[in-house]
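Single-structure report; data block below.
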Amino acid sequence: EAETQLRLLREYEDKELGIDHPETLNAAHDLGICLNAQRKFAEAAKELKPVLDARVRLLPANHRDTLDTHSQLGIAYQNTGKLVEAEGEYRAVMDALTKQLGQQHPRTVLATQRLSGLLNSPEAKAFLLNQAREQLATAVKAHGPNDSRTLNAKLALAGALAEQGKQEEAEKEYRQVHTSLTRLLKEESAESLLILRQIATCQLNQNKWPEAEQILRQVLGHQRRLLDPANPEILQSLYLLGLCLGQQNKIDEARPLLEECLAGVNKAGNIIPAFVTQVKNVLDQVL
């Protein structure tokens, strides 16, 4: 019954007020909500896409009406298998609300949970892995195994595997990229060291503490030679090595690394708060 009335209202307002009038857009948006509620997701997407296009054109990017339509269109896309498009809609809402209201605001938390729910769904995980594998196969065929575009595609696959907890597979992909990159450059670079650290991170997630420790010591040694002491990448490596040593009860070695990391974080002042909290928590455990 609601759908019938909303269709009549939208058609009337479209004729009398114009397609871009706020009341016409409100009626079309509400119709999209009604269709989503009835699980008529394909029809909902068809109604909501023109509304979003108009609102993006006519309203500020962070306007509540625009964000609400992003969310509803994301729901429609997610339930019609358009996962990439759904992610884009949800992420637009989350980014805008984070900037506007902060990470802890209830609306931001809800938007973050919605995006996380999509990305952690079995369908999305399978889709993202298949997509990464297809892109890698395409890059290998078009450019060969050692081209930078192929290596980037392999990195994307490794990242997707790591995010889904497939640490051993991710480690293998990262190792192949690191081997190819160092063979091309003839030495370690800032970029190759980041990949090497990803290998160590995969090992940490598999509780391979001695293996991770060996690599992290190597990474930190090279980074101290190549980068400014205040570089955030050095701070990240200090934290990971300190964490790794702490897990092995090498407290005397872990403590100065974590203290150096925390001092660098406090001096920088522009580090993500969650990382600062992580460093403090691990240092507290060590102490």
Side-chain angles (χ1 to χ4, degrees), residues 1-132 134-135 156 159-160 163-164 274:
E1 294 85 348
E3 178 188 344
T4 299
Q5 297 302 318
L6 285 166
R7 287 191 185 278
L8 290 172
L9 178 61
R10 187 206 59 191
E11 290 170 7
Y12 172 80
E13 290 180 338
D14 188 1
K15 181 179 178 181
E16 296 295 325
L17 302 175
I19 192 170
D20 285 343
H21 191 280
E23 292 301 330
T24 308
L25 295 176
N26 287 342
H29 172 83
D30 290 346
L31 176 57
I33 294 176
C34 185
L35 292 167
N36 271 339
Q38 296 177 87
R39 305 189 65 80
K40 297 179 179 180
F41 298 114
E43 292 181 63
K46 185 177 178 181
E47 293 291 340
L48 290 165
K49 184 61 169 67
V51 177
L52 180 61
D53 291 343
R55 284 181 165 173
V56 167
R57 188 174 72 252
L58 300 171
L59 299 174
N62 61 353
H63 193 284
R64 183 159 192 158
D65 289 348
T66 306
L67 298 182
D68 286 347
T69 307
H70 273 301
S71 293
Q72 289 297 322
L73 185 56
I75 292 169
Y77 281 150
Q78 180 177 355
N79 287 281
T80 52
K82 296 182 177 180
L83 302 181
V84 174
E85 292 85 346
E87 179 187 356
E89 303 301 338
Y90 289 157
R91 195 173 294 281
V93 177
M94 185 190 71
D95 291 346
L97 291 177
T98 300
K99 186 179 295 185
Q100 184 179 6
L101 302 174
Q103 288 183 329
Q104 304 306 318
H105 192 279
R107 289 183 64 203
T108 310
V109 171
L110 179 61
T112 303
Q113 290 173 343
R114 182 170 282 162
L115 176 61
S116 178
L118 168 67
L119 296 178
N120 290 319
S121 68
E123 297 83 4
K125 288 182 176 181
F127 173 81
L128 291 172
L129 271 184
N130 287 336
Q131 185 182 53
E134 288 173 4
Q135 290 174 346
E163 285 181 8
Q164 297 186 27

Heavy-atom closest contact (Ala111 atom, Val93 atom, distance): CB-CG1, 3.9 Å

Residue of the set Lys125, Gln164, Arg114, Arg91 for which side-chain contact (heavy atoms from CB on, under 4.5 Å) holds with Leu119: Arg91

Rounded distance [0.5 Å steps], CD in Glu163 versus CG in Asn120: 9.0 Å

Salt bridge (Lys or Arg N to Asp or Glu O under 4.0 Å) between Asp53 and Lys49, worked out: CA-CA 6 Å; Asp53 291 343; Lys49 184 61 169 67; 2.8 Å; yes

Gln72 and Val51, any side-chain heavy atoms less than 4.5 Å apart: no

Euclidean distance, Leu83 CG relative to Leu128 CG, rounded to 0.5 Å: 7.5 Å

Side-chain donor or acceptor of Thr80 paired with backbone N/O of Ala76 under 3.5 Å: yes

Residue pairs passing the salt bridge (Lys or Arg N to Asp or Glu O under 4.0 Å) test where at least one lies in residues 99-108, sequence neighbours excluded: none

Side-chain heavy-atom pair Leu52, Glu89 within 4.5 angstrom cut-off: yes

Point-to-point distance, once rounded to the nearest 0.5 Å, from CG of Leu97 to OG1 of Thr112: 8.0 Å

Side chain to side chain contact (heavy atoms under 4.5 Å, CB included) between Phe41 and Glu43, worked out: CA-CA 5 Å; Phe41 298 114; Glu43 292 181 63; over 6 Å; no

Arg7 and Glu11 ion-paired at < 4.0 Å: no

Side chains of Gln38 and Leu35 in contact at under 4.5 Å (non-hydrogen atoms): yes

Heavy atoms from other residues, nucleotides or ligands near CD of Gln100 exceed 12 (cutoff 6.0 Å): yes

Show me the donor-acceptor pairs, under 3.5 Å and distance only, between side chains in residues 21-32 and residues at least two apart or in other chains.
{"residue": "His21", "atom": "ND1", "partner": "Glu23", "partner atom": "N", "Å": "3.0"}
{"residue": "Thr24", "atom": "OG1", "partner": "Glu13", "partner atom": "O", "Å": "3.2"}
{"residue": "Thr24", "atom": "OG1", "partner": "Gly18", "partner atom": "O", "Å": "2.8"}
{"residue": "Asn26", "atom": "OD1", "partner": "Arg55", "partner atom": "NH2", "Å": "2.6"}
{"residue": "Asn26", "atom": "ND2", "partner": "Pro22", "partner atom": "O", "Å": "3.3"}
{"residue": "His29", "atom": "ND1", "partner": "Thr69", "partner atom": "OG1", "Å": "3.0"}

Closest contact, heavy atoms only, Ala44 versus Asn36: CB-OD1, 3.3 Å

Side chain proximity check, Leu118 to Glu87, heavy atoms < 4.5 angstrom: yes

Residue pair Leu67 / Ala61: nearest heavy atoms and the distance that separates them: CD2-O, 3.6 Å

Under 3.5 Å donor-acceptor, Thr66 side chain and Val56 backbone: no

Pairing of Glu47 and Lys40 as salt bridge, 4.0 angstrom limit: no

Gap separating the CG atom of Asp95 from the OG1 atom of Thr108, nearest 0.5 angstrom: 10.5 Å

Enclosure of Gln104 CD (heavy-atom neighbours >12, cutoff 6.0 Å): no

Crowding at CZ, Phe127 (>12 non-hydrogen neighbours, <6.0 Å): yes

Neighbour count >12 (heavy atoms, 6.0 Å) for atom CD1, Ile19: no

Reported CG-to-CD distance for the pair Leu115 and Gln78, which is rounded to 0.5 angstrom: 9.5 Å

Between CG on residue Leu48 and NZ on residue Lys46, distance to nearest 0.5 Å: 12.5 Å

Donor-acceptor contact present, side-chain Tyr90 to main-chain Ile75, <3.5 Å: yes

